[in-house]
Every structure is written in structure tokens, then in C-alpha cells.
> 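The following block contains the structure, expressed as C-alpha cells.
Scope of the values below: all heavy atoms of this structure, side chains included, with no hydrogens, waters or symmetry mates. Per chain, numbering begins at 1; letters A, B, ... match sequence-line order.
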Protein chains: 2
Amino acid sequence: MPESLYRTIAVDLRQRIESGELPAGSQLENEQELVDRYGASRNTIRQAIRWLTNRRLVESRPGQGTFVVKIDPVVTTLSADWKSDKGLSGGEGKAAFEEAEARNLEMRADPLLTVEPRFAEGIVASLLQIQEGTGVILRQKRRYIKNKPWSLETSYYPMKYIDQGASLLRSKSDIEQGVVAYLKEQLGVKQIGFRDHIVVRAPDDDEARYFQLPDDGTISVIVVFRTGFADDPKGPTPFRLTINVYPADTNQFVINSGEVGEVFANPIAFMTSSAESDDSLIK
Amino acid sequence: MPESLYRTIAVDLRQRIESGELPAGSQLENEQELVDRYGASRNTIRQAIRWLTNRRLVESRPGQGTFVVKIDPVVTTLSADWKSDKGLSGGEGKAAFEEAEARNLEMRADPLLTVEPRFAEGIVASLLQIQEGTGVILRQKRRYIKNKPWSLETSYYPMKYIDQGASLLRSKSDIEQGVVAYLKEQLGVKQIGFRDHIVVRAPDDDEARYFQLPDDGTISVIVVFRTGFADDPKGPTPFRLTINVYPADTNQFVINSGEVGEVFANPIAFMTSSAESDDSLIK
DNA sequence: GCAAATTTGTTCGTATGTATT
DNA sequence: CAATACATACGAACAAATTTG
């Protein structure tokens, strides 16, 4: 099937990885050795490695070598109803911490947030259903798991809440009880629902730097836009927007609806093999 | 910031795209002209184009040229509670059709399904909570929007339901009322909840062929594992697994929880620009 | 329907730069 | 500092896909 030379070499290397000859974490032969082994030019070998890199099977590090990737995905539950309703009342920060704890992951967040006033634009204005140019407060938080960057969370709140007395929104430190609970206590703004909008795209420069993703754009990020809706005489009204960005190669998401047994699901390990065609077929 | 030549060229081309000088759908200069324009070698030009391709900004077609990509993402609602409870009772097929209709998309499915007996293995056995090697029925359906491949849906049902009388599971044609409703009518198996598990990965060969994705693995697919749970004295018990695969560059997903105003959300168009840093900052 | 022209895809060779050990 | 390994860049040739005449 693979007609071109670099494809043939790539498929052969993939087979060697999947057969266990090259286990996760192990180092490939260097490029010169691969040149000798396959009798191809160095450019062709590099093209084959690029094919494997695009599939997250290997990873090259300058000065060191090329290594078989070991993946250990983190699973995050997006649904709010997994336990009483932490997600609806506490905010996703708290929920994420509790889930991480239940999964035995060392999670932490930067104690300092980036807090900036902005004019609402584009998506922000559109999802919050406010005029472009309206004042909003941006609050950005970095989260880490095992000291490695895990998520970048950016929240937007209409500026009017500060004017109305929710002055903690300006503070650069975390709001203890969660912003949703705080806004309810302070202003009586009650969240009655939310919408998650999930998008996969290439990281921008900031994201690539923060997550230490290769700058060639081959590893995507998953972006979750969560719009919170508050009770209002005119019907559910958007009052907050939280955008979470995660590297797509190491993160999975779960949504529970109705009754589903245990609330926390395990990561799905996909057969790197694409062999799934005939193995399980009853003939 | 971009030190290497190909990065500089790529960023310049990106700027020309985002400024509107090269609108969506338009054709770039050919490689030779870019060589002349930037005074770089053809290989370097091609590497710059690859950088843009990885970000889904452009697309090259052999014999024709390189074109600015026009994206028109499809949004799918995953939550079941968006209208009475079609998702819980009717099955996602029906729900998807109704959503497509509401969005004015021409959606159709192959009238013929692939139906095969299998032995449960790996993820399938694990999510259905059955022994590896247990018999299951695989039902696979292809869906199209505007005559272009949109999703690949593969469902697994324990073989025992056929033995118990749900013989339609063997049929290669669609089950009118939806499988969930059929199993309820026929056997009294009632779905009380489901779990969606979302994963992003590179397409396998079959998927790349079906979706006509480039074989270099740069465009990922989004995979949604939906495990349906049935009422049971021992608690919620998995009774079906539906795996939907979608190309990641043209699909977005929405989950509604609680009350959220309109049920259908519009696609999010991300500023291809990564300029979002200072524009909206109040100084 | 065929041949020519155009355009991207693959492959080789070679040289130099940069990061890590 | 030296050795090693990947990254970038140049030049060249032929192959494959598509459009055009």
C-alpha cells in the first residue's frame, strides 16, 4: 500500500514500535544509522520520522535523539452532575481539583493569576451576548499536573459586576469559594446552567510556548468554551465565559448524562496498531 | 521571534492571509514564484507551506497549486436533554438528523450498514464491561453532509440480545425507530444514561481514506465513545457502545447542562490571527 | 483522446547551524 | 572543548497529478 520510500520506512518503524521491539520510552537509531539500515538518504529518513512524529508515535530532541513516545492521558469530567452539583455551584476549578485528587494526580495552580481589563471582542462578546467593546475582566490561570503545564484557563466577566460590588474579581489571587459561588453570595447572580463548546485547533504561539509543544503546529489543542447562564426574568442570560485550553495528545474528556455507574472513567488507550480490522472478526 | 528562514516566510504568508490579501479559497503563488519572491530555495518554501498546512491555513493539491483553506465547521450537540429526551430514547442517529435539519444541512447516511459479528476486545470489552472474547454485533454506518463524508459510526451490541429476540440487529438496513427504542420495545432494555468519552488522535488508514484526509497524519480525528447504560437491579449496566469518528478540523461539539437559552449553538470561528494579545487590552 | 505545459511530490546529495552530553 | 544528534538550508533531478491546447 505505501508506495513511497519514506512511507515504507515509516510503516516499518511503526511496526517495530507496535510489535514491542521498540518499547515506549526507548531510543530509535540515530538518523545516520537509519540511513545505513534502510539505504535511503538522510532527508528521506527525516521525512519518515516526521510521519511518525505527526502521529505522536515518536518525538525528536536535538542533541539527544528520537524516542518512542510514552503517553499517559489525563481524563477530565466535563459534566456538572457527577456529584451533587459541584460544577454548577463551585466552578470548574474546584471540580477539577477534586477530580485530580480522586485520580491521585498532583495538580496545582499558579497562586498568581493574570488579571486584566479588556474590551469584549469577537467570540467573547458573542458568547457573552454583549456589545463589542463592552468592558470585561479577564482572569487567566495556569494549572499544572506533576509540575508540567496542563491547562490554561481564561475567564471573562462583564465589568459591571465589579461596579456592583464584586471587587474580588480584580484581585490577582484565587477566589476561595470559586467565582460562581462568590458572585451568588455577593450579588445574588445564580448560575442555572452552562454550555460547553469544544473545538480542536492548532496552538497559537503563546500556547505552544506554555505547553512546550513543537512549533510546527502538529500537536493540536482542545479548547473548551464554557458559557455560564444566570437566572433572569428574560430567560437564561450569559454572565461568564471560561475558556480552557489543553494539549490534545494528552487529554481526554468525559461527559455523563443520566445514570452511569461510577462517575470517573479511565483513560482510553488506543491500539496504536491500525490492525483492528481482522483480528476480532469472526470468520 | 521566528528565527529560521522558513518560519519567517511562513509567518509572512500567514500575515498576508489574515490581512485579507489572500482571501479564503484563493490560490497562492506557485512554489517557483515563492522561491523568487522570498529568495529562498524550493525546499525552504515547501517547509514554510508545510507549517501553514499543519495549521490548516492552506492546502496543497498536486497539479493545481496551494490554496487558502475555507473552513465551515459543523456543530453537533452531544447532550441528550436538548429537547425532551430524543438522545436518551431515540438514539444519536435520529438526534443528529434532527439537528442537521434544524441547521439546514443536507445530511444523509448510507442506506446499507456494515454488520458483522465480532469478539469483543480491548476498549470494546472494557467499556461494555464484558469478558474479552464475548460475542458482539458490530454495526457501522457512514454519514454524509452535502455529499461529503462527515462521520463514521460504529456500534457494538452484546450478541445475547439477538439470542433473546432482537433479530433486527442482524439486518443491514437502518432500524427505523432507532436501536435504543427497538431494544426497549423488543426486550424491555431501558437506557437510563450514557457516558461520552472524547479523544483526539491521528486517523488510521481506513479513516484517512474515508474522510479523504492527507496521509501524513496532520489532521486529527475526534472520537466520541458513547456507552449506553441500561436499568438493572445491580445498578446501571452498559448495554451498547457507539463510536463516532469525525475529522477534527471541520467539527465542533456542544454540551448543554441545565438551562441555557437556545439549544443550538453556532460554530466558533477562531481568529486565525494569533494577535489576540494586545488588541483588546485596555492600556 | 492525446500531448504538452504546469504544479506539487519524492528523493538524492551536501553543507552548516544549534542543542545536548 | 569535543563529540554527537537533530535542525535548517541550498541545489538538483525525476515522478505524479492536473489542466490546457
> Calculate the interatomic distance between A/Leu28 atom CG and D/dT4 atom C1'; express it in whole Å.
16 Å

> Can you name the residues that form a side chain to side chain contact (heavy atoms under 4.5 Å, CB included) with B/Asp110, not counting sequence neighbours?
B/Arg108, B/Arg142, B/Tyr144

> Quick check for you: among C/dT8, D/dC6, D/dT8, whose closest atom lies nearest to any side-chain atom of B/Ser60?
C/dT8

> How close or far is atom C1' of D/dC6 from atom CD of A/Gln32, stated in whole angstroms?
12 Å

> Once ring-ring contact (aromatic ring centres under 6.0 Å, His included) is applied, do any residues pair with A/Trp150, and if so which ones, sequence neighbours excluded?
A/Tyr246

> How would you list, by chain and number, every residue that makes a side chain to side chain contact (heavy atoms under 4.5 Å, CB included) with A/Arg16, sequence neighbours excluded?
A/Asp12, A/Leu13, A/Glu21, A/Leu22, A/Glu29, A/Arg37, A/Tyr38

> Output all residues satisfying side chain to side chain contact (heavy atoms under 4.5 Å, CB included) with B/Lys172, sequence neighbours left out; order by chain, then residue number.
B/Leu112, B/Val115

> Show me the protein contacts with nucleotides 12-18 of chain C, counting only N or O atoms at under 3.5 Å.
residue	atom	partner	partner atom	Å
C/dC12	OP2	A/Ser41	N	2.9
C/dC12	OP2	A/Ser41	OG	3.1
C/dC12	OP2	A/Thr44	OG1	2.4
C/dC12	N4	A/Asn43	ND2	2.9
C/dG13	O6	A/Asn43	ND2	2.8

> According to a strict under-4.0 Å criterion, is B/Gln64 in side-chain N/O contact with OP1 or OP2 of C/dT8?
no

> Please say whether more than 12 non-hydrogen atoms of neighbouring residues, nucleotides or ligands are located less than 6.0 Å from CD in A/Glu33.
yes

> Report which part of the nucleic acid A/Arg46 touches: base, sugar-phosphate, or nothing (heavy-atom distance under 4.0 Å, all strands).
base

> Got a sec, which residues hit side chain to side chain donor-acceptor pair (under 3.5 Å) with A/Ser41, two or more places apart in sequence or on another chain?
A/Thr44

